[in-house]
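Just below is one structure, and these are the notes that go with it.
Note that the numbering runs from 1 along the sequence shown for the chain. Keep in mind that this is a model prediction, so the values were computed, not measured.
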Amino acid sequence: AGRDDTFYSCTACHGFKLVAQQGMSRRQWDESLQLMVDRHGMPPLEAKERQVVLDYLEATFPPRAPAANRGWQNPFLQR
């Protein structure tokens, strides 16, 4: 539920892959939508539509757990 509304709200300005690469909390998604309205001229979503979009983003693209080992790892190093 909400996939199509979210897709059409976001792809008016950029590719959906950009959205899918994000992993944010509901608060961060909400702030991101507001940033798009305030700085980039996105038409504000009506309250009900915003709720649907936020529900979808929160459920589908939640924050990612931090990677345990970042960067290059020496494959010969004994662990």
Side-chain angles (χ1 to χ4, degrees):
R3 182 187 71 179
D4 290 346
D5 294 317
T6 304
F7 180 83
Y8 291 115
S9 294
C10 298
T11 59
C13 296
H14 50 77
F16 200 74
K17 188 173 182 178
L18 179 66
V19 176
Q21 291 173 336
Q22 309 304 308
M24 297 191 276
S25 68
R26 184 180 191 88
R27 178 188 55 79
Q28 291 170 317
W29 282 118
D30 193 39
E31 290 172 356
S32 183
L33 287 175
Q34 194 58 48
L35 177 80
M36 297 298 161
V37 171
D38 294 343
R39 289 196 185 166
H40 302 292
M42 175 182 159
L45 301 174
E46 293 181 24
K48 197 172 199 175
E49 186 179 7
R50 189 176 182 113
Q51 181 77 27
V52 168
V53 169
L54 285 172
D55 288 348
Y56 179 79
L57 291 170
E58 178 184 35
T60 309
F61 306 111
R64 292 188 190 94
N69 296 317
R70 293 189 175 253
W72 182 80
Q73 299 292 313
N74 184 337
F76 300 105
L77 183 66
Q78 291 186 6
R79 296 181 186 157

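In the hydrophobic clustering, Leu35 connects to no other residue, as no ILVMFWY side-chain heavy atoms lie under 4.5 Å from its own.
Leu18 and Leu33 fall into different hydrophobic clusters, defined by Ile, Leu, Val, Met, Phe, Trp and Tyr side-chain heavy atoms under 4.5 Å apart, directly or through other members.
Between Cys13 and His40, every side-chain heavy-atom pair lies at or beyond the 4.5 Å cut-off. For the pair Asp30/Arg50, a side-chain contact is recorded, criterion being any heavy-atom separation below 4.5 Å from C-beta on. Counting heavy atoms from C-beta outward, Glu49 and Val52 have side chains that stay 4.5 Å or more apart. Side-chain contact between Tyr56 and Asp4 is absent, with no heavy-atom pair separated by less than 4.5 Å.
Heavy atoms only, all atoms of each residue included: Gln22 and Trp29 are closest at CB-CH2, 3.5 Å. Here the shortest heavy-atom pairing between Ser25 and Pro63 reads N-CG, 3.5 Å. When all heavy atoms of Gly23 and Arg64 are compared, the pair lying nearest together is N-NH1, 3.8 Å. Val53 and Ser9 get closest at one heavy-atom pair: CG2-OG, 4.1 Å.
Atom CD of Gln21 has more than 12 heavy atoms from other residues, nucleotides or ligands within 6.0 Å. Dense packing is recorded around CZ of Phe16, with more than 12 heavy atoms of other residues, nucleotides or ligands lying under 6.0 Å away. Atom CZ of Arg26 has more than 12 heavy atoms from other residues, nucleotides or ligands within 6.0 Å.
Atom CD of residue Gln34 and atom CG of residue Leu45 lie 9.5 Å apart, to the nearest 0.5 angstrom. For the atom pair Glu31 CD and Met36 CE, the distance stands at 12.0 Å (nearest 0.5 Å). Gln28 CD to Leu57 CG: the interatomic distance, rounded to the nearest 0.5 Å, is 12.0 Å.
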